[in-house]
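For ligands, and for the atoms within them, numbers begin at 1 and follow the listed sequence. Just so you know, residue 1 is the first one in the sequence shown, and it goes up from there.
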Amino acid sequence: MANIVHSQSNNPNEKVVLVIHGGAGTILKKNMSPEKEEAYTAKLEEALRAGYNKLNSGSSSIEAVQAAINIMEDSPLFNAGKGAVYTNAETQEMDASIMNGADKQAGAVGGVSTIKNPIDAAVAVMNQSEHVMLTGQGAEAFAEKAGVELVDPSYFKSDVRMRQLKRVQDKEKAILDHDGDRGEVNSSEEEFNIDFIEDRKFGTVGAVALDKNGNLAAGTSTGGMTNKRYNRVGDSPIIGAGTYADNQCCGVSCTGHGEYFIRNVVAYDVCALMNYKQLSTAEAAAEAIEKQTALGGSGGLIALDAEGNVAMPFNTAGMYRGYITESGEIFIGIYGD
Ligand code: ASP
């Protein structure tokens with residue numbers, strides 16, 4: 001049984017082969033019950049082991065990323081697949097992307113509602129089409145043809161997520177109701193922001209893997225943001241913003257307020273900082289998140305390079321995250337320092 005370290009150590013002594021995240025946000029120990037903490041830890045561990053088993057049996061980094069993400073997509077704990085949040089219209093619209101660091105092939109889907117595991121559809125787009133991104137019903141029709149599992153949208157129904165949507169919608173109404181009274185607006189605005197971000201807790205999932213051939217792959221899957229409308233799409237399916245992989249630098253998967261990750265092209269920025277400024281993976285990842293903070297965007301990222309160096313910076317209170325090393329040593333972290 002591998003040792004599970006609940007420390008904040010970003011510096012393992014040996015090569016990391018798989019790193020995952022389950023979203024960043026207002027994740028505070030004081031709001032977490034021991035049962036909830038245990039459930040998240042167990043699911044993150046299961047995802048790490050699923051990916052690790054793939055890598056150990058000689059599968060590619062793409063297959064390892066897919067296996068790890070599938071576990072989190074099938075869990076209601078995360079905002080991806082089964083746990084996807086609701087749109088303003090009480091539907092679920094999911095986004096996912098994958099990139100292969102060996103040849104920079106990539107695939108993505110946006111705004112899909114009937115694909116059980118959106119990351120599988122992203123892989124199919126990469127492997128079985130000449131495109132990089134497909135959206136909506138077209139993506140679903142393609143996925144069906146490609147043999148990806150489809151489900152009735154009712155599969156994604158969730159009372160918890162519906163309550164979350166109602167809370168966010170009520171608060172939006174409340175803030176408008178106070179419009180015009182500066183004093184009131186200021187205090188309720190602050191409260192609103194805290195609760196709003198809390199409810200929009202960025203539960204996206206992602207993984208970056210390094211296989212036995214030295215190839216990197218990165219993937220991200222999400223339900224996006226609660227109460228989104230107008231077919232809003234975030235950073236997660238956008239190659240370069242939410243996901244990027246290149247064996248020459250590293251693989252990256254992001255989570256957080258997507259609009260800011262798109263504007264700073266965060267996943268690619270980590271690679272660019274490594275290439276142009278000769279920064280290490282950890283330095284580049286930290287600088288990319290500092291730029292997010294400067295722009296006003298909250299979130300975090302995971303990065304892994306071909307030497308097995310890992311980085312997991314975030315500017316939120318916490319980020320569900322973990323990695324597994326070559327020998328099977330597991331680290332899982334939830335909170336900040
Ligand atoms: N980045 C995602 C989005 O904006 C949300 C998340 O990371 O949870 O759609």
Between Thr255 and ligand 1, does any nitrogen or oxygen pair lie at a separation below 3.5 Å?
-> yes
Does a side-chain N-to-carboxylate-O contact under 4.0 Å join Lys116 and Asp74?
-> yes
Do the rings of Phe331 and Tyr323 sit parallel, tilted or perpendicular, given the 30° and 60° boundaries?
-> parallel
With a cut-off of 4.0 Å, which atoms of ligand 1 are near a heavy atom of Gly258?
-> 4 (O)
Answer yes if Phe314 and Val265 sit in the same cluster of Ile, Leu, Val, Met, Phe, Trp and Tyr residues linked by side chain heavy atoms under 4.5 Å apart, and no otherwise.
-> no
Between Arg49 and Tyr52, is NZ or CZ placed under 6.0 angstrom from the six-membered ring centre and within 45° of the ring axis?
-> no
With backbone taken as N, CA, C and O and side chain as the heavy atoms from C-beta onward, which portion of Met319 lies under 4.0 Å from ligand 1: side chain, backbone, both, or neither?
-> neither
May I ask you to check if ligand 1 and Asn79 share an N or O to N or O distance below 3.5 Å?
-> no
Give yes if a backbone or side-chain nitrogen or oxygen of Asp235 is under 3.5 Å from a nitrogen or oxygen of ligand 1, and no if not.
-> yes
Going through the distances and angles, do Glu37 and Tyr335 end up as a side chain to side chain donor-acceptor pair (under 3.5 Å)?
-> CA-CA 11 Å; Glu37 190 177 288; Tyr335 316 105; 2.6 Å; yes
For Ile119 and Ser97, the nearest pair of non-hydrogen atoms, with its separation, is CD1-O, 3.3 Å
At a 4.0 Å threshold, what atoms of ligand 1 neighbour a non-hydrogen atom of Ser236?
-> 1 (N), 2 (C)
N-O pairing of Arg229 and Glu93 below 4.0 Å = no
Short list, please: which atoms of ligand 1 are under 4.0 Å from a heavy atom of Gly224?
-> 9 (O)
Met225 N/O to ligand 1 N/O under 3.5 Å | no
Examine Lys82 relative to Tyr155 and say whether NZ or CZ is less than 6.0 Å from the centre of the six-membered ring and inside a 45° cone about the ring axis.
-> yes
Considering the heavy atoms of Gly203, write down every atom of ligand 1 situated less than 4.0 Å from one of them.
-> 8 (O)
Can you figure out which of Val85, Ile262, Thr204 has its heavy atom closest to atom 6 (C) of ligand 1?
-> Thr204
At the 4.0 Å heavy-atom cut-off, does Lys228 count as touching ligand 1?
-> no
Can you label the angle between the Tyr40 ring and the Tyr320 ring as parallel, tilted or perpendicular, going by 30° and 60°?
-> parallel
Strictly under 4.0 Å, does any heavy atom of Gly256 approach an atom of ligand 1?
-> yes
Within the structure, does His257 bring an N/O atom to less than 3.5 angstrom of an N/O atom in ligand 1?
-> no
